[in-house]
There are 2 protein chains.
Amino acid sequence: MPRPRSLTQDQIAAAALAVIDRDGLAALSMRAVATELGMSAMALYRYVGDRQEVEGLVVELVLGGVDVSPPPGTSWRERVTTLVGRLRDQVGAHPHVVPLTMTHRHRSVGVLRWSEAVLGILTEAGLAGADRVIALRGLLSYVIGAVQLEHLGPLSGAGTTVIAGLAPADFPYMAETAGHARLVGADEEFYGGLAIVLRGMCDT
Amino acid sequence: MPRPRSLTQDQIAAAALAVIDRDGLAALSMRAVATELGMSAMALYRYVGDRQEVEGLVVELVLGGVDVSPPPGTSWRERVTTLVGRLRDQVGAHPHVVPLTMTHRHRSVGVLRWSEAVLGILTEAGLAGADRVIALRGLLSYVIGAVQLEHLGPLSGAGTTVIAGLAPADFPYMAETAGHARLVGADEEFYGGLAIVLRGMCDT
DNA sequence: ATCGTAGGTATATACCGTACGCCTACGAGG
DNA sequence: CCTCGTAGGCGTACGGTATATACCTACGAT
């Protein structure tokens, strides 16, 4: 065989992630990734078919790094909380990737492995059939939404500006809540919401 | 004053939404919106500063259309369920807009009005202070995540393909769950998950 | 040493957002 | 009624994007 491959897809993913972490998601382009790798833009197309595929690789790199071995010797709720927390931490380490995780989540085997682990714990908790399906999807929904809310919320404080500038009298509850919200940390908020979901999931 | 404005921002938003609904989100461009309105691309910049602003207008158009008047004469859980359902329906009517709602959610007064209404119901339910903050954010997280899971999941069945093709023996729970999942309708799944969140939110 | 495969690059196309400059339609003041 | 200034709308141009195509070339097996 002629000329061995000089690049792996992981290297491409790592280069793309480096670009995103450094310059933001908008800076991700085939040219930028190629430059990061010291190659021509078109050279990438020997390894990926598409820009979309590069994005998928980045998501896989980020989401695949989650440790899905459940912590032993604790209650099922604590174990799920740990797995959820690890997912959150991994995404939180690369905030700019958040929008990508959404678009490419469904093709990630990392998410699949994570879901499999969570399903195992839910099964131990006594859930089965449709209840278990709904519980997993509910959990996934919460995590996806919460992570996005956390990282895409106050982008440059624009959200707060809208609240502050727009007739506080018309939004009395929001105004009051905003005061409380400042005192609630991100962790407390995230794990508090998670506790709500876990509490409602089954009786035991 | 010379020459009255011939366009409102709502017309631009409607045109952009029409493009998105017809040709998908990727087809959204200043040129496409302008063509939809029968104008030159640059004419839009008399009314909008930016492509981002157009996107914001679309989100506002979609999210602002949600009726936030709580249905009378029912329990607080039912009322929240109704408001959440209306939000889901509105977004569900324009699935291609989902990724935009995420990016521009924080600047939407529609979301603000919706949150205000939900907060009112939560207050009646006896929630206050940090609990209420966490409950609202938990609810928002669930809705955001669930809507995305619903509309961005099996994009052209790619997700299912991954599950099916990838060693069912390594993912026994996922394989089994997939069977159950096919029998659970989207509505059942969505409102089932919502019920979990509402159940865990407070005791009464 | 040679040859075919496949890596890498250079070029070209089509599209994008948008800065700039021009023409012109229009409403108010004389 | 006529004129004038403002601001609407458009044409062009620039720099960016993804990617198709065609080419040269480095390499490993023969």
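Below, read A as the first sequence line, B as the second, and so on, with proteins coming before strands; counting in each chain starts at 1.
Checked by atom type, the side-chain pair A:Q148/B:Q148 shows a donor-acceptor distance below 3.5 Å.
Using a 4.5 Å cut-off on side-chain heavy atoms (C-beta onward), A:Q9 and A:E53 make contact. Residues B:M201 and B:L139 meet the side-chain proximity criterion, which asks for heavy atoms closer than 4.5 Å. Contact check for B:P172 versus A:E116: side-chain heavy atoms found under the 4.5 Å cut-off.
Interface residues of residues 43-58 of chain A facing DNA chain C, ordered by number: A:A43, A:R46, A:Y47; criterion, heavy-atom separation under 4.0 Å.
Counting to the nearest Å, the C1' atom of D:dT17 and the CE atom of B:M30 are 17 Å from each other. If you take CE of B:M39 and C1' of C:dT24, they are 14 Å apart, rounded to a whole angstrom.
Checked by atom type and distance alone, the side chain of A:R137 never pairs as donor or acceptor with a backbone atom of B:F190 at under 3.5 Å. Within the 3.5 Å criterion, the main-chain N or O of B:V98 finds a donor-acceptor partner in the side chain of B:T101.
Residues B:R31 and B:L7 each lie close to DNA chain D; by heavy-atom proximity, the contact nearer the 5' end of the strand is made by B:L7. Nearest-nucleotide mapping onto DNA chain C: of A:M42 and B:A26, the residue sitting toward the 5' end is A:M42.
Contact between the side-chain N/O atoms of A:S29 and the OP1/OP2 oxygens of D:dG16 is not found at any separation under 4.0 Å.
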